[in-house]
Amino acid sequence: MLSMPSTEPCFALVDCNNFYVSCERLFRPDLWRRPVVVLSNNDGCVIARSNEVKALGVPMGAPYHEVAALLRRHNAEVFSSNFPLYADLSARIMSVLEGFTPHLEIYSIDEAFLDWSGLPQNKARLGVHLKQTLWRWVGLPVSVGIGPTKTLAKVANEWAKKISPEGVVDLMNPRCQKEVLLQMPVGGVWGIGRRLAAKLSQIGIKTAWDLRCADSGLLQSRYSIVVTQTALELQGKSCLQVETVVPPRKEIRCSRSFRPKLTELSQLHSALSEFCCRAAEKLRQQRSLAHVVTVFLRSDAFDPKKPCYQPVLAAALRTPSQDSRWILKCAGELLEKMYRPGYRYQQCGILLGGLVSEAEGNAQLALFNEEISQKYAGASLMEIMDRVNRRFPNGLFLGASVDYRRYRYRPQQLSPAFTTRWNELPVVKA
DNA sequence: TCTGGGGTCCTAGGACCC
DNA sequence: TCTGGGGTCCTAGGACCC
């Protein structure tokens, strides 16, 4: 008798282990068993830790200066973040994953969902094969979680990282699900953060299994639709699909913390110029125009003598734009309005909102005939800037950014761009 | 002295309109 | 003197994710 192909939903979640750390180790095999951390911008916080560092009790997001001595004592290797390297290795991972499913959702730089519904193979064995392939072809370790819903695949992945020696856990079987959910705190479930976990705990929901068994009506009335849906997903009822099409961003943001902190309006303006350029570049990349420009500032939040000043101000552009100069003009005016002397400013940023596609935006623009010629002159200039910068990163920028580029903090422990710059390719000695 | 950056979604409440 | 009700849109704030 022919067996019908199973149409039972099945999802795999592939997650790179300690991704940034693994990327740094890839070209430094001497670091494989040593403690390694990667720092945030400005070398401020720990944003990735090797297992050895986790074992030392260094938490995610720890200020570096608080753990620097401990790390030194244990001979840890410390890296500034090298995003071009991580992005390139991520793209290699994703392109390998495409060979393992017709439906791939790139969920983040180091995570992807694969739709394995209806696949005839043994899923756990396929997971092991996938893991081995990535190790051979890219050289990065991953964990694989498999389940009948995305949430259960996430649970399986967590479990794979914790207990599975081969890094693959299959939770398609309800009996296995119960065993794992009973041992998992509710805060470990995807979508249940610290605050919700505390609230759920008050009504006796402490484990993932408790949430799975909770009454839907109660969850819906006390919390949100999201919590209710999470509980259903834990029951094996699939509510979330693999999203293969990347929708355009609804807002685009660029902000940085300053080290040292800034006091002068001119310094902030120069930084803002850089942020506007970066944000507008992202805007043009996704072929959108922005209607609304928002600027935010934050003074030193850790200053015990002065309350934190953190103004936010927004303005609408007369016509939607993707021109760095128009956006900066608007943002600069907002900055002038909100700037107060006497503060040490720790952070500044820009947020572009009210995004519309180029097609929509240009249709609206047609109503303002007098601005069209100016707009198209700007478009070709921006296009040239983008083309030059793709070939020669940071080659062209607004004059207003010069000052910021001089005083901004330089990362102290940056690894080479091994895979994206010819002159920084690793050298192999024969 | 030193404390990241960039997103999404949901809900409640107010404004406004008919 | 008596002064409705429902729909929609927007915004702020809260929560989550990596």
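Order of the sequence lines fixes the chain letters, A, B, ..., with proteins taken first and strands second; residue numbering starts at 1 for each chain.
With distances taken from any side-chain atom of A:K282 to the nucleotides B:dC2, B:dG7, B:dG5, the minimum falls on B:dG7.
For B:dG4, one of the phosphate oxygens OP1 or OP2 lies less than 4.0 angstrom from a side-chain nitrogen or oxygen of A:Q346. Checking the phosphate oxygens (OP1, OP2) of B:dT3, no side-chain nitrogen or oxygen of A:S257 falls inside 4.0 Å. Distances shorter than 4.0 Å separate none of the side-chain N or O atoms of A:N42 from OP1 or OP2 on B:dG4. Checking the phosphate oxygens (OP1, OP2) of B:dT3, a side-chain nitrogen or oxygen of A:K261 falls inside 4.0 Å.
Between the CG atom of A:L297 and the P atom of B:dG5 there is a distance of 14 Å, given to the nearest Å. Taking atom CZ on A:R259 and atom C1' on B:dT3, their separation rounds to 10 Å, with Å as the unit. Here the P atom of nucleotide B:dG6 and the CG atom of A:L355 are 15 Å apart, to the nearest Å. The interatomic distance linking A:I106 (CD1) with B:dG7 (P) rounds to 16 Å, in whole Å. When rounded to the nearest whole Å, the span between CZ of A:F302 and C1' of B:dG4 equals 11 Å. The separation between A:R278 atom CZ and B:dG4 atom P is 18 Å, rounded to whole Å. Atom OH in A:Y86 sits roughly 14 Å away from atom C1' in B:dG5 (whole-Å rounding). Between the C1' atom of B:dG4 and the CD atom of A:Q412 lies a distance of 17 Å, rounded to the nearest Å.
Summarising the geometry of A:G332 relative to A:L272, their closest heavy-atom pair is N-CD2, 4.1 Å, with the distance given to 0.1 Å. In terms of heavy atoms, A:L268 sits closest to A:C348 at CD2-CB, 4.4 Å.
Not one N or O on the side chain of A:S273 forms a donor-acceptor pair closer than 3.5 Å with the backbone of A:H269. Between the side chain of A:Q177 and the main chain of A:L171, a donor-acceptor pair closer than 3.5 Å is present. Distance alone, capped at 3.5 Å, places no donor-acceptor pair between the A:S299 side chain and the A:Y345 backbone.
With sequence neighbours excluded, the residues satisfying ring pair (Phe, Tyr, Trp, His ring centres under 6.0 Å) with A:W135 are A:W32. Residues satisfying the ring pair (Phe, Tyr, Trp, His ring centres under 6.0 Å) criterion with A:F19, sequence neighbours excluded, are absent altogether.
Nucleotides B:dC16 and C:dG4 are separated by 15 Å at their C1' atoms, to the nearest Å.
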Would you be so kind as to tabulate the donor-acceptor pairs closer than 3.5 Å made by side chains of residues 301-310 of chain A, with sequence neighbours excluded?
| residue | atom | partner | partner atom | Å |
| --- | --- | --- | --- | --- |
| A:D303 | OD1 | A:K305 | N | 2.8 |
| A:K306 | NZ | A:G342 | O | 2.5 |
| A:Y309 | OH | A:M338 | O | 2.5 |

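Applying the side-chain hydrogen bond (donor to acceptor under 3.5 Å, both in side chains) rule to pairs touching residues 145-154 of chain A yields A:E105-A:K150, A:E111-A:K154, A:T151-A:E233, sequence neighbours excluded.
The residue among A:P248 and A:P260 whose nearest nucleotide of DNA chain B lies closer to the 5′ end is A:P260. Between A:S255 and A:D43, the residue whose closest nucleotide on DNA chain B is further toward the 5' end is A:D43.
At the heavy-atom level, A:E251 lies under 4.0 Å from base atoms of the strands shown.
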Does A:S324 form a side chain to side chain contact (heavy atoms under 4.5 Å, CB included) with A:E281? I'd like the steps, not just the answer.
CA-CA 8 Å; A:S324 306; A:E281 201 176 83; over 6 Å; no
How does each nucleotide of nucleotides 8-18 of chain C score, in 5' to 3' order, for protein heavy atoms under 4.0 Å: base (B), sugar-phosphate only (S), or none (-)?
-------SSSS
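Where pairing requires Watson-Crick or G-U contacts shorter than 3.5 Å, the helical stems of DNA chain C with at least three consecutive pairs are B:5-18 with C:5-18.
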